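As structure tokens, the structure follows; a few thoughts come after it.
Since the structure is predicted, the reported quantities are computational estimates derived from the model, not experimental observations. Lettering of chains follows the sequences in order, A, B, ..., and the numbering in each one begins at 1.
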Amino acid sequence: MSDLLANLNPEQLAAVTLPPQHALILAGAGSGKTRVLTTRIAWLISTGQVGPHGVLAVTFTNKAAKEMLARLSAMLPINPRGMWIGTFHGLCNRLLRAHHREAGLPATFQILDSADQLSAIKRLLKNLNVDDEKYPPRELAHFINAHKEQGIRAAQAEAYDDYTRRRVELYAEYEAQCQREGVADFAELLLRTYELLCRNEPLRRHYQARFRHILVDEFQDTNVLQYKWLKLLASYGDPVEGGCIFAVGDDDQSIYAFRGAEVGNMRDLEREFKIANVIRLEQNYRSHGNILDAANALIKNNRGRLGKNLWTDAGAGEPIRVFEGFSDIDEARFAVDEVRELIRDDFPPTQIALLYRSNAQSRVLEHQLFSAGVPYRVHGGLRFFDRQEVKHALAYLRLIANPDDDTAFARVVNFPTRGIGSRSVEALQEAAHRANSSLYNAAASLTGKAGAAVGQFIRLIETLRAETTALVLPEVIEHLIDRSGLRAHYLGEKEGRERLENLDELVSAATAFVQEEEGTLAHPEESDAVASFLAHASLEAGEHQAGEGQEAVQLMTVHAAKGLEFDAVFITGLEQGLFPHENSSQERDGLEEERRLMYVAVTRARRRLYLTHAQTRMLHGQTRYCLPSLFLEELPEELLRRVGATPSFAASPTPAYAAAPARQREESTVGGFRIGQSVQHAKFGLGVIVSAEGGADARVQINFGVHGMKWLALAYAKLTPV
DNA sequence: CGTGCGTCGATTTTT
DNA sequence: TCGACGCACG
């Protein structure tokens with residue numbers, strides 16, 4: 001046990017060895033957060049304060065849960081499987097499988113991922129003859145999810161206008177449809193579990209008594225419902241004594257408000273659970289001093305922080321390099337030149353990251369990397385279980401397990417094509433709607449040619465079910481792929497080879513899954529291999545790309561970089577309107593969230609940090625003239641070193657401008673102003689003309705940086721050329 | 001039923 | 001500019 005606590009700094013040690021009480025740990029970037037979390041669990045168990053049985057550890061991603069489990073296995077001699085460690089959704093799934101009857105769900109309920117949910121909503125709107133122009137399915141999905149994430153059912157939803165009243169009705173219809181089909185979307189997993197525990201006192205008491213220690217990772221990312229869920233399990237406001245909450249988080253790294261995260265939960269936790277001393281982990285083991293100084297200086301501009309200052313004993317290190325390019329291409333070229341230099345200097349390519357605010361920015365970078373022959377890997381994009389061929393195969397599996405799963409039915413009823421067109425499907429949907437039954441059950445009532453074709457499909461499914469009852473999961477999937485016609489279909493497709501490989505990969509994934517399950521036979525409630533594999537597929541979307549590019553430079557959004565670290569980091573596109581993004585100015589505390597995002601980006605770097613921006617950028621097919629990001633100005637100049645040439649538009653027409661086609665130059669001169677020119681405005685200050693319209697009421701669009709983008713009429717606006 | 005063209009729109013994303 | 005999606009045609 002002394003090993004366990006060795007090499008912990010005083011704050012880490014204090015956090016790990018806290019007596020049983022509610023705790024909030026403010027863990028800065030690179031401060032050993034995961035180590036504290038796992039060591040805390042190991043310490044609690046090895047000192048006999050709690051058995052593995054009494055531990056509940058919650059994370060947001062499967063990756064984080066796996067990492068925790070792996071570290072615990074290394075620390076403890078016991079099998080950490082006895083503990084409940086997982087994502088909110090994974091743990092809720094586990095609870096709902098175990099108590100599906102009490103929760104009002106079929107034993108084999110399916111989980112709808114976002115795409116499934118969207119198609120379920122589209123189907124619903126069609127059935128109810130709702131105009132999907134007026135009620136866009138995406139918007140409706142967001143409306144429903146946002147309510148569920150606040151813990152609000154359709155029956156409790158408030159509506160003060162007709163439009164919202166209708167959306168609440170549709171929310172109720174959606175709930176009914178899901179119930180009928182025996183499916184649950186992501187938010188439903190949480191809400192259903194929450195309601196189950198609220199309603200069912202014996203069950204609630206059971207779990208409250210069981211989980212003596214509830215540990216939460218990335219607490220700043222919790223939404224309203226997740227916090228309610230935690231409070232319920234910890235017996236907040238209950239007369240009974242509940243377990244202790246040990247929440248670890250960093251308000252400065254809260255970057256998911258757009259998907260419902262409530263940073264305010266941290267303060268609420270502190271207040272409601274009467275946490276007297278919040279422990280701060282401020283010693284950083286990742287970055288050199290200059291990088292941390294820059295991060296600290298930046299984040300100081302945010303208000304209402306819990307407060308924290310990162311420090312290191314690693315020394316100041318190199319200055320932060322700042323580069324200004326003429327154009328996005330110029331910027332990318334610089335970054336790639338530097339990347340090659342770094343690789344020559346023995347930086348491993350995987351330790352070099354190119355970060356950007358939005359995915360569209362990766363194109364220029366990729367182009368330059370490709371031209372230079374530098375291997376790279378782009379994070380994000382399609383994940384394994386999101387691939388259409390995989391979803392098709394799983395839809396067959398779902399239909400066999402649960403014929404009422406209309407989402408799965410609609411997906412494969414005519415894939416591969418078997419003569420069941422949209423007209424037949426519509427007829428079937430209508431019949432099902434009339435009979436208030438599933439598509440599968442309504443199939444028998446269809447007559448004529450359509451009826452015959454659909455009947456044949458039903459028989460195919462019945463046959464598949466009969467043929468696979470005696471098989472183990474991987475064999476079942478293999479069989480389905482062959483006999484459903486999927487394999488034949490992709491064999492005949494020119495782009496089909498990769499898809500076939502993915503189908504084979506799916507069989508392998510099932511094999512691995514079954515083996516894994518066998519090691520953990522402790523869960524009889526998960527003994528249905530098909531159901532648990534399907535849940536696994538929905539809850540864990542899998543890797544973006546399989547093991548590709550071992551020696552590749554890493555490209556990703558700043559969001560995707562959270563939690564990662566690299567020797568060298570490039571933060572690109574540091575321009576007003578891009579980073580901070582212009583849309584953020586419309587959002588409540590939008591700029592502060594952008595600043596936290598920048599803070600996350602900066603703190604990814606260990607040794608070297610580049611901040612780059614461009615004067616012009618191709619955006620939506622148009623050249624945009626950009627001002628440097630406000631965030632660059634917020635960094636102390638003494639930490640920075642400007643590298644490369646820094647030309648200015650104000651001085652003279654820049655090469656980028658001069659290189660623009662003559663037509664564009666002519667068009668862009670309006671009332672003595674031209675695009676790219678810097679101007680001064682009495683109220684908005686310094687700006688750059690981004691575009692212009694001539695004619696009688698000539699006006700120009702000006703990027704005023706912090707003050708945003710404005711269209712100003714030349715007849716009225718007082719603009720001074722700079 | 002599949003293909004081709006035109007329109008529209010365009011942060012960030014995990015489960 | 002690029003892509004995704006919806007509708008018209010063969």
Side-chain angles (χ1 to χ4, degrees), chain A residues 58-65 86-93 111-118 122 132-133 136-138 142 145 148-149 184-191 193 217-218 221-223 225-226 254-261 328-329 355-364 366-367 379-383 385-386 414-425 453 489 492-493 535-542 544 556-563 573 577-587 590 593-594 596-598 600-601 617-624:
Chain A
V58 202
T59 65
F60 277 88
T61 65
N62 291 299
K63 199 176 153 203
T87 62
F88 278 102
H89 295 86
L91 295 167
C92 286
N93 176 52
I111 299 167
L112 298 188
D113 64 23
S114 319
D116 292 335
Q117 184 189 33
L118 195 62
K122 284 180 182 165
D132 59 5
E133 300 261 299
R138 287 188 174 281
H142 181 259
N145 291 335
K148 287 191 180 183
E149 282 164 11
D185 60 47
F186 286 135
E188 185 69 26
L189 293 176
L190 274 135
L191 183 51
T193 309
D217 190 18
E218 306 275 21
D221 288 339
T222 51
N223 63 32
L225 180 57
Q226 284 159 340
S254 163
I255 56 172
Y256 285 115
F258 71 91
R259 63 177 201 214
D328 47 352
I329 297 169
L355 308 184
Y356 35 81
R357 173 68 238 267
S358 69
N359 287 303
Q361 290 167 252
S362 76
R363 277 191 72 246
V364 196
E366 286 185 69
H367 184 81
H379 291 246
L382 256 200
R383 290 152 137 251
F385 286 109
D386 286 337
N414 195 36
F415 194 96
T417 48
R418 40 177 76 89
I420 303 169
S422 53
R423 232 162 36 88
S424 308
V425 174
H489 176 265
E493 211 179 51
H536 168 81
S538 304
L539 291 173
E540 184 161 3
H544 285 293
M556 67 193 85
T557 63
V558 179
H559 282 95
K562 189 175 165 221
L578 192 60
F579 197 3
H581 199 278
E582 53 199 345
N583 294 1
S584 70
S585 61
Q586 268 91 261
E587 288 153 21
E593 174 119 336
E594 293 289 305
R596 290 192 289 269
L597 196 53
M598 179 67 182
V600 167
R617 180 174 298 276
M618 202 56 146
L619 213 62
H620 309 330
Q622 278 191 318
T623 306
R624 274 256 298 249

- request: Pick the P atom in B:dT12 and in C:dC5, then give their distance to the nearest Å.
  value: 15 Å
query: Rounding to the closest angstrom, what is the interatomic distance between B:dT14 and C:dG3 at atom C1'?
result: 23 Å
field: Pairing of A:Asp113 and A:Arg383 as salt bridge, 4.0 angstrom limit
entry: no
- prompt: What nucleotide among B:dT13, B:dT12, B:dC1 has an atom nearest to a side-chain atom of A:Ser358?
  reply: B:dT12
message: Tell me whether the rings of A:Phe186 and A:His89 are parallel (<30°), tilted (30 to 60°) or perpendicular (>60°).
response: perpendicular
- prompt: So does A:Glu149 pair up with A:Arg259, basic N to acidic O under 4.0 Å?
  reply: no
Nearest-nucleotide pick for A:Arg383, side chain only, options being C:dC2, B:dT12, B:dT14: B:dT14
- request: Round to a whole Å and report the spacing from CZ of A:Phe415 to C1' of B:dC1.
  value: 13 Å
- request: Give a yes/no answer on whether the side chain of A:Arg363 brings an N or O atom under 4.0 Å of OP1 or OP2 in C:dC2.
  value: yes
query: How close or far is atom P of B:dT15 from atom NE2 of A:His536, stated in whole angstroms?
result: 12 Å
query: Looking only at side-chain N and O atoms, does A:Thr417 come under 4.0 Å of OP1 or OP2 in B:dG2?
result: yes
field: Selected nucleotide, minimal atom distance to A:His89 side chain, candidates B:dT11, B:dT15, B:dT13
entry: B:dT15
statement: A:His559 has its side chain closest, among C:dC2, B:dT11, B:dT13, to B:dT13
field: Nearest-Å distance for atom pair CD1/P, residues A:Ile255 and B:dT12
entry: 13 Å
- prompt: Does A:Gln361 reach the side chain of A:Leu578, with side-chain heavy atoms less than 4.5 Å apart?
  reply: yes
- prompt: How long is the line joining NE2 of A:His379 and P of B:dT12, in whole Å?
  reply: 16 Å
task: For A:Gly621 and for A:Asp113, find the nucleotide of DNA chain B with the closest heavy atom, then tell me which residue's nucleotide is more 5'.
output: A:Gly621
message: Which is it for B:dT12, anti or syn, if anything within 90° of zero counts as syn?
response: anti
task: Give the rounded distance in Å between these two atoms: CD of A:Gln586 and C1' of B:dT12.
output: 15 Å
statement: With the side chain defined as heavy atoms from C-beta on, A:Ala560 is closest, among B:dT11, B:dT15, B:dT13, to B:dT13
field: Donor-acceptor pair present, A:Ser114 side chain and B:dT15 base, under 3.5 Å
entry: yes
query: In whole angstroms, how far is the C1' atom of C:dC2 from the CG atom of A:Asn359?
result: 14 Å
query: Under 4.0 angstrom, heavy atoms only, what part of the nucleic acid is A:Phe258 near: base, sugar-phosphate, or nothing?
result: base
query: Using a distance-only test with no angle check, is there a side-chain donor-acceptor pair under 3.5 angstrom linking A:Ser584 and A:Glu587?
result: no
message: Regarding A:Glu593 and A:Arg596, does a basic nitrogen lie under 4.0 Å from an acidic carboxylate oxygen?
response: yes
- prompt: Base, sugar-phosphate, or nothing for A:Tyr256, non-hydrogen atoms under 4.0 angstrom?
  reply: sugar-phosphate
task: Kindly compute the distance separating OG1 (A:Thr87) from CG (A:Leu539), expressed to the nearest 0.5 Å.
output: 6.0 Å
- line: Side-chain atoms of A:Asn62 come closest, of C:dT1, B:dT15, B:dT12, to B:dT15
- line: Winner on side-chain proximity to A:Arg259, out of B:dT14, B:dT12, B:dT15, is B:dT14
- request: Just compare B:dT15, B:dT13, B:dT11 and give me whichever is closest to any side-chain atom of A:Glu587.
  value: B:dT11
task: Identify whether any heavy atom of A:Glu594 sits under 4.0 Å from a base atom; if not, whether one sits that close to sugar-phosphate; answer base, sugar-phosphate or nothing.
output: base
message: What contact category does A:Asp185 fall into here, base, sugar-phosphate, or nothing, at under 4.0 angstrom with non-hydrogen atoms?
response: nothing
query: A:Arg423 has an atom CZ; how far is it from atom P of B:dC1, in whole Å?
result: 9 Å
query: Would you say A:His581 stacks on B:dT11, if stacking means ring centres under 5.5 Å apart and planes within less than 30 degrees?
result: yes
query: How would you label the contact of A:Ile420 with the nucleic acid (heavy atoms, under 4.0 Å): base, sugar-phosphate, or nothing?
result: sugar-phosphate
message: Could you tell me how far apart A:Asn583 (CG) and B:dG9 (P) are, to the nearest whole angstrom?
response: 14 Å
